[in-house]
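Residue numbers start at 1 and run along the sequence shown.
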Amino acid sequence: AQQGRVREKTYGKQKIYFADQEQLPAASDEELRGLDGEIAGLSGKVQALQQSCRQMEAELKDLNSSMTTSEMGREIGELRKDCASYTEKLERIKSATNHVTPEEKEKVCSEQKLYCQEWRRRKRMATELLDAILEGYPKSKKQFFEEVGIETDEDHNVTLPAAV
């Protein structure tokens with residue numbers, strides 16, 4: 001600082017030293033434009049390299065998350081075993097001799113429909129009868145059911161099958 005190569009500035013108790021730029025040669029406008037162009041070119045290069053780096057990182061992430069060749073081989077082996085067991089099961093089902101004929105199936109379906117209709121009819125009749133009794137009953141419906149010993153479908157989590 002005493003020789004004049006470095007300048008000194010004092011801010012309170014602190015001193016800052018920096019190079020004396022007056023001793024440096026001044027750059028011409030052409031040199032400044034050339035440097036600006038070089039900076040712009042290098043900035044473009046940096047952006048292109050950053051974009052390339054992002055693409056490569058994404059590709060690396062995809063590759064790291066995918067299966068390796070040995071894992072893929074094990075997976076294929078497991079899938080082939082599953083496929084073979086399903087094929088065997090299908091063959092057993094196809095070769096079974098106790099198939100249900102369409103007539104038997106239709107008969108069972110019609111019987112189920114008939115029984116469900118009867119269930120609905122009887123449930124409706126019982127509900128109407130119990131509602132008539134409860135009109136003059138001083139206690140709650142729940143208390144009445146407990147006293148008489150009535151169990152409802154809801155007590156046993158039973159629901160009527162949907163009408164087909």
Side-chain angles (χ1 to χ4, degrees), residues 1-120 123-124 127 141-142 145 151-164:
Q2 291 174 355
Q3 293 174 1
R5 289 187 227 153
V6 178
R7 294 187 92 181
E8 173 186 326
K9 279 195 176 181
T10 305
Y11 292 102
K13 295 181 182 179
Q14 297 179 348
K15 291 183 179 182
I16 297 176
Y17 295 93
F18 56 92
D20 187 9
Q21 294 185 3
E22 291 175 8
Q23 294 180 3
L24 298 175
S28 68
D29 286 343
E30 276 184 33
E31 288 176 316
L32 290 175
R33 282 193 292 271
L35 290 174
D36 285 342
E38 190 177 334
I39 289 172
L42 291 175
S43 295
K45 236 182 191 179
V46 166
Q47 287 180 348
L49 288 173
Q50 286 176 336
Q51 178 67 23
S52 173
C53 184
R54 281 193 292 271
Q55 288 174 347
M56 288 181 178
E57 285 175 346
E59 186 178 340
L60 177 64
K61 184 179 176 184
D62 286 344
L63 290 173
N64 284 336
S65 66
S66 63
M67 289 187 192
T68 64
T69 305
S70 60
E71 290 172 343
M72 191 70 74
R74 281 195 300 273
E75 183 72 18
I76 289 172
E78 289 175 16
L79 291 173
R80 285 190 174 141
K81 286 179 189 174
D82 289 348
C83 186
S85 69
Y86 289 138
T87 304
E88 181 182 317
K89 187 175 180 180
L90 177 63
E91 290 303 318
R92 281 198 316 265
I93 291 171
K94 283 182 177 179
S95 66
T97 57
N98 59 351
H99 292 295
V100 177
T101 63
E103 294 82 22
E104 290 173 329
K105 181 181 175 186
E106 184 61 37
K107 180 182 174 192
V108 169
C109 288
S110 64
E111 284 179 4
Q112 183 204 19
K113 188 175 179 182
L114 177 70
Y115 294 142
C116 286
Q117 287 174 348
E118 190 64 24
W119 184 359
R120 282 188 187 84
K123 184 173 181 172
R124 185 178 59 250
T127 303
K141 182 177 185 178
K142 186 175 181 180
F145 283 7
E151 296 177 351
T152 63
D153 293 339
E154 290 76 23
D155 292 341
H156 295 282
N157 295 324
V158 176
T159 57
L160 275 165
V164 182

Can you check whether [Y]'s main-chain N or O pairs, donor with acceptor, with [X]'s side chain at less than 3.5 Å?
X	Y	answer
E104	T101	yes
E71	T68	yes
D155	T152	yes
S52	A48	no

Flag yes if more than 12 heavy atoms outside [X] fall under 6.0 Å of its [atom1] atom; otherwise flag no.
X	atom1	result
F18	CZ	yes
E30	CD	no
Q14	CD	no
R54	CZ	yes

To the nearest 0.5 Å, how far apart are [atom1] in [X] and [atom2] in [Y]?
X	Y	atom1	atom2	answer
I39	L42	CD1	CG	8.0 Å
C83	I76	SG	CD1	12.5 Å
S43	E38	OG	CD	10.5 Å
W119	Q112	CH2	CD	10.0 Å
L114	C109	CG	SG	13.0 Å
M67	M72	CE	CE	5.5 Å

Exercise. Report the C-alpha separation of Q51 and Q55 in whole Å, then their side-chain angles, then the decisive distance to 0.1 Å, and conclude whether the side chain to side chain contact (heavy atoms under 4.5 Å, CB included) test is met.
Key: CA-CA 6 Å; Q51 178 67 23; Q55 288 174 347; 3.6 Å; yes

Self-check item: K107 and E103 ion-paired at < 4.0 Å
Solution: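 A salt bridge is absent here (no side-chain N lies under 4.0 Å from a carboxylate O).
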
Quiz item: Ion pair present between K105 and E111, side-chain N to carboxylate O less than 4.0 angstrom?
Solution: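 E111 and K105: not salt-bridged.
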
Quiz prompt | Side chain proximity check, L63 to E59, heavy atoms < 4.5 angstrom | solution = yes

Self-check item: E151 vs H156, side chain to side chain contact (heavy atoms under 4.5 Å, CB included): CA-CA, chis, key distance, verdict
Solution: CA-CA 8 Å; E151 296 177 351; H156 295 282; 3.0 Å; yes

Practice problem: List the steps, then state whether side chain to side chain contact (heavy atoms under 4.5 Å, CB included) holds for T10 with E8. | Solution: CA-CA 7 Å; T10 305; E8 173 186 326; 3.9 Å; yes

Exercise. Indicate the atoms forming the closest heavy-atom contact of S65 with D62, along with that distance.
Key: OG-O, 3.0 Å

Quiz item: After noting the C-alpha distance and the side-chain angles of L60 and M56, does the key distance pass the side chain to side chain contact (heavy atoms under 4.5 Å, CB included) rule?
Solution: CA-CA 6 Å; L60 177 64; M56 288 181 178; over 6 Å; no

Self-check item: Check against salt bridge (Lys or Arg N to Asp or Glu O under 4.0 Å), K123 and E154
Solution: CA-CA 12 Å; K123 184 173 181 172; E154 290 76 23; 3.4 Å; yes

Practice problem: Consider only side-chain N and O atoms of R120 and Q117, and report whether a donor and an acceptor are under 3.5 Å apart. | Solution: no

Quiz prompt | salt bridge (Lys or Arg N to Asp or Glu O under 4.0 Å) between E88 and R92, worked out | solution = CA-CA 6 Å; E88 181 182 317; R92 281 198 316 265; 3.2 Å; yes

